[in-house]
Visitor: 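Just passing along the structure, written as structure tokens.
Start at 1 with the first residue, then count along the sequence. No hydrogens, no waters, no symmetry mates; every other heavy atom, side chains included, goes into these values.
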Amino acid sequence: MRISALPVAFFLLFACVAIIVSYWSGGFYWNGLLVGALSIAACLLLRNALKDFDFDIPAAALFFACIAGFLALYPVLFVTPGYLGSADSMHIVHVRLLGETAPADYEPYSPLGLHYFLGFTFIGKMFAGLFPFLFDNSALALLGGLLVAVQCILVFLIAKHLGGSDDAGMLASLLFTGTKYAFQNMYLGLFPELLGTALFLFLILAILKGSPLRFIAFPAMVFTHATPLMFLGFAALFSLVFLRPALPQRREMLFWGLALLLAAPVFPTYHAFLADGTSMNSGNLLSPPESPFQPATLLSAALFLGLGPFVVFSLCFALWLAKPALRTRPDMLCLLGVFFSSMLVYLFLRNSTALFYKTVELAALSAIMFSALWLVRQDYFSAARLAAYRGALLAALLILMLAGFFSSGVLHSLAQGSKITPSEAAFSFEFRKAVPERAATLFVSKDSAPMAALSDKMPYSVINGFFVSLVGKSFDPQYQ
């Protein structure tokens with residue numbers, strides 16, 4: 001059984017158009033139904049461009065994507081039913097603030113200015129509206145699981161394009177199920193980064209296909225988060241060094257310039273991030289590591305790729321060193337992505353946890369691509385030989401990926417809930433049912449932020465627990 005990738009491409013194009021339209025109109029007027037209708041109309045007008053993404057997705061790749069989505073939703077379904085116990089509250093709050101205009105501050109919660117990216121907020125508000133029978137936090141978690149599955153499909157499509165076969169794509173999508181970054185972003189409630197990485201992969205695929213949709217995916221990605229823009233900058237730099245592509249023509253440069261201008265409404269947000277110059281968690285981004293060259297730190301950074309992908313990548317890298325005749329420039333490109341990103345992970349691990357979580361994504365994606373592309377080029381992975389033991393090989397790799405997932409202490413801790421206890425969550429849901437009004441409430445608990453988020457109340461202190469974004473604290477007088 002094979003299914004077309006067009007529905008995935010349609011969803012991503014819809015999200016891109018909706019984000020762009022919302023950012024430009026949100027300062028004056030925003031209506032989810034109107035934005036949705038305009039976005040669907042735009043997708044229908046661009047249906048010829050969508051044909052560039054009419055790939056066939058085999059059943060195995062869809063199965064791996066479903067596993068990735070299931071693992072992302074595992075805590076919501078089985079561990080902490082209905083909520084994510086380690087999630088930041090601010091993205092739920094942003095969705096609740098969005099009304100007839102895009103929010104510029106945190107009123108009625110607080111007079112603090114809102115200086116964060118709202119790309120996911122627009123999509124999250126529209127998605128939550130499709131499920132009025134669910135609490136908004138549950139609907140956003142469902143959207144997060146969908147985005148993880150979409151990332152897995154995009155990884156398959158990119159690897160298939162680069163490797164020239166379904167085998168490369170299936171290996172890449174299988175390795176994706178063993179990575180930690182997507183699940184950690186999910187469990188921490190970092191939904192903008194999940195959407196941003198999905199749009200980054202969509203943009204890469206559009207560039208590889210030469211699709212004009214790249215000029216729509218680019219500004220939408222910029223609207224979503226700074227992380228994918230950093231990834232794109234690294235990828236462009238590495239490509240110039242190792243692939244040496246022809247310089248773009250004037251017309252193409254003009255289109256890229258216009259695409260960047262489409263993202264102009266989010267420029268103040270980037271200025272706020274640069275003005276702060278601090279991580280969302282702690283420390284200065286430019287601070288050196290406290291204890292350089294600790295083997296334990298390096299090993300933890302490497303294993304953060306995921307046990308399964310780390311083992312497979314290590315074996316492939318050893319083979320790559322032993323077979324210089326089979327090396328290619330794309331190999332070097334992927335390896336540079338792995339080692340450069342891992343170096344950033346190591347440098348910032350000690351002082352900036354937030355940046356650590358972000359830079360590891362590029363390392364993981366690069367490691368996945370390198371491993372899949374290298375394996376399918378080996379003689380023992382030829383089509384004739386692979387057919388004899390394809391099922392056993394994929395099953396063994398899947399077991400390795402799942403073993404890495406369920407043996408991860410980090411993911412287990414995050415799934416159990418690090419910011420709110422089950423009894424506090426149960427109280428919050430009952431409180432929300434009993435008192436549905438969004439009123440100011442004093443929570444006598446260290447977990448006041450997530451309790452306020454789950455019960456849809458206004459805490460007396462919004463600074464603690466990431467109930468609001470702290471971007472802007474260095475220049476916004478309201479934070480003083």
Visitor: Within the supplied structure, the quantity of interest is the number of heavy atoms (other residues, nucleotides, ligands) at a distance under 6.0 Å from Phe127 CZ; does it exceed 12?
Guide: yes
Visitor: Tell me if a side-chain donor or acceptor on Thr179 pairs with a main-chain N or O of Phe176 at a distance below 3.5 Å.
Guide: yes
Visitor: Would Gln416 and Tyr187 count as having a side-chain donor-acceptor pair, cut-off 3.5 Å?
Guide: no
Visitor: Do you know the tightest heavy-atom contact between Met126 and Phe14?
Guide: CE-CZ, 3.5 Å
Visitor: Atom CE in Met186, atom CD in Gln151: separation rounded to 0.5 Å?
Guide: 11.5 Å
Visitor: Is it true that Phe405 and Phe183 have ring centroids separated by less than 6.0 Å?
Guide: yes
Visitor: Give the minimum heavy-atom separation between Phe55 and Asp52, together with the two atoms involved.
Guide: CE1-O, 3.7 Å
Visitor: Applying ring-ring contact (aromatic ring centres under 6.0 Å, His included) to Phe53 and Phe202, what does each step give before you reach the verdict?
Guide: CA-CA 10 Å; Phe53 303 90; Phe202 182 51; 5.3 Å; yes
Visitor: Return all side-chain donor-acceptor pairs below 3.5 angstrom for residues 209-229, not counting sequence neighbours, or 'none' if the list is empty.
Guide:
residue, atom, partner, partner atom, Å
Ser211, OG, Leu213, N, 3.1
Arg214, NH1, Gly210, O, 3.2
Arg214, NH1, Ser211, O, 2.6
Arg214, NH2, Glu252, OE1, 2.8
Arg214, NH2, Glu252, OE2, 3.2
Thr224, OG1, Ala220, O, 2.7
His225, ND1, Thr227, N, 3.1
His225, ND1, Thr227, OG1, 3.0
His225, NE2, Tyr116, OH, 3.2

Visitor: Which is it for Tyr23 and Phe122 under the ring-ring contact (aromatic ring centres under 6.0 Å, His included) test, yes or no, and what are the steps along the way?
Guide: CA-CA 9 Å; Tyr23 248 105; Phe122 297 120; 5.5 Å; yes
Visitor: Please find out if less than 6.0 Å separates the ring center of Phe117 from that of Tyr270.
Guide: yes
Visitor: If we check salt bridge (charged side-chain N to carboxylate O under 4.0 Å, His left out) with Lys160, which of these qualifies: Asp167, Asp166, Asp56?
Guide: Asp166
Visitor: Describe, in one word, how the ring planes of Phe317 and Phe313 are oriented to each other, choosing from parallel (under 30°), tilted (30 to 60°) and perpendicular (over 60°).
Guide: parallel
Visitor: Is there a side-chain contact between Leu307 and Ser407 in this structure, where contact means two heavy atoms from C-beta onward sitting under 4.5 Å apart?
Guide: yes
